[in-house]
Amino acid sequence: MSNRVGVFFLTAREGRIIVHRTNMTLSLKIARRYLFAKKSTNAINIITGISVTGIAIGTAALVLVLSVFNGFEDLIIGLFSNFNPDVKVTAAVGKTFVPEDEQLARLRALPGVALVSETLEEVAFFEYRESQDFGILKGVDSFYHRVNGIDLTIFEGRYLLRDGGRSMAVLGGGMRNKLQVNIEDPFETLNVYMAKRENVGAMESQFKKRFAYPAGSFKIQQDFDNQYVLVPLDFAQDLVGAPGELSAFEIKLLPGTELKTAVSAVQNNLGPGFTVRDRYQQDEAFLKLMNLEKWMSFAILSLTLVLVAFNMIGSLWMIVLEKKGDIAILKSMGATDDTVRNIFLYEGLLLCLLGLVTGFILAIALYFVQKTYGILAIPDGFVVSAYPISMRLPDLFAVAAIVLLIGLVASLPAALRAKRIQALMREE
């Protein structure tokens, strides 16, 4: 024991051991020595190995689960970007507004604004042959597909709003299926019904009817696909009975434009009568729900690390029992209770750190394999063939914090037990 302890007590002065000045360094060095030293009982090595392995697997699972949630979030945001613009302007009160003559010109002149599209949305009733259903009619102008790239999501037919003098309709994939629309039939019309705004007589029809020819079908996301039918803006305005009315200005920004700055500029330009939302705020509730699910999964998986921590408690407790004589000698040489306690706190943290680093290496390796080869596939019918994955630095910090916290708490019982061991009594 004297040789082992002598390595660390190099601050002796006039025959007296000065421990308090190197308390943390001393505890850390002894903890590191205990961690890698061969144990007298092989069971301690086995339990320690199981603890480190459990922490590594738990860490890797936490990182990968968070990364999969990130991947789905990025995927969905990417899908939404084909329907939602960078910035959307709606009326602060009511569903529609009539823009002033110069508003559109002022918007297009703002720094960072590339394109502005005018749109009008209203609930309508659709009929195709014998099939009928409700949905959302969205009138769009000629800039609309350039604002959000919806023409890139067409999987059947083509993106076309005008064909000569005919009004065309582009349907979401869900609406196409519900109405059993045959995109290839150029003669069958899609009938659209809208309730009249003005009062009508008892013998008159309560609905205004117009028809359009199906031109294509898009696939973005289920909520959009199952509801929306796109038509020319003037078609929608005529059907609604509100020439010149709009539901929104939809804005595409130039690449590199600061989003918050652009939103503030648009808001200041239009005033308090309008609500301006960026791409994330347009689906804020959905993204918040995804974020909640992500961190709930993180909390549940963290509980599995608590179970692993019981192995670590047992391992550290056995090390304390094995090193009982060493602890007594250390105390008799001047080590304080806090020094001894810190030895086993550091021991637990070092065990966690070893498992944490191993888990990170394992997670990063699996991340690159999934990213490159897509070994975990998704059943057919989804927009991607393999689970999307995206690793973010803040998630790694969160995982490291929870793992080290669990390790610190798991080290306390053994550390407090070691603190209570008495020093060797000197013989007078």
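Numbering starts at 1 and runs along the sequence shown.
- Taking a 6.0 Å sphere around CZ of F360, one finds it holds more than 12 heavy atoms contributed by other residues, nucleotides or ligands.
- Between Y144 and Y159, the closest side-chain pair of non-hydrogen atoms falls below 4.5 Å.
- Across V399 and F298, no two heavy atoms sit closer than the pair CG2-CE1, 3.9 Å.
- Between the side chain of Q237 and the backbone N or O of E245, at least one donor-acceptor pair lies under 3.5 Å.
- Checking side-chain atoms of Q227 against main-chain N and O of F224 turns up no donor-acceptor pair under 3.5 Å.
- Between F207 and Y193, the angle of the ring planes goes over 60°, which puts this pair in the perpendicular group of the 30/60° scheme.
- Not a single donor-acceptor pair under 3.5 Å links the side chain of T372 to the backbone N or O of V369.
- With a 6.0 Å cutoff to the six-membered ring centre and a 45° limit on the axis angle, R392 does not count as a cation-pi contact of F397.
- Outside the 6.0 Å centre-distance limit, the rings of Y280 and F286 are not counted as a close aromatic pair.
- None of V181, V170, V229, T189 except one satisfies the side-chain contact (heavy atoms from CB on, under 4.5 Å) rule with P214; the exception is V181.
- Side-chain atoms of E100 never come within 3.5 Å of backbone atoms of E102 as a donor-acceptor pair (strictly under, hydrogens ignored).
- The backbone N or O of S117 lies less than 3.5 Å from no partner atom in the side chain of D141, so there is not a single donor-acceptor pair.
- By the 6.0 Å and 45° rule, K138 stacks over the aromatic ring of F83.
- Within the 3.5 Å criterion, the main-chain N or O of L354 finds a donor-acceptor partner in the side chain of T358.
- Using a 4.5 Å heavy-atom threshold, the side chains of M194 and E122 count as touching.
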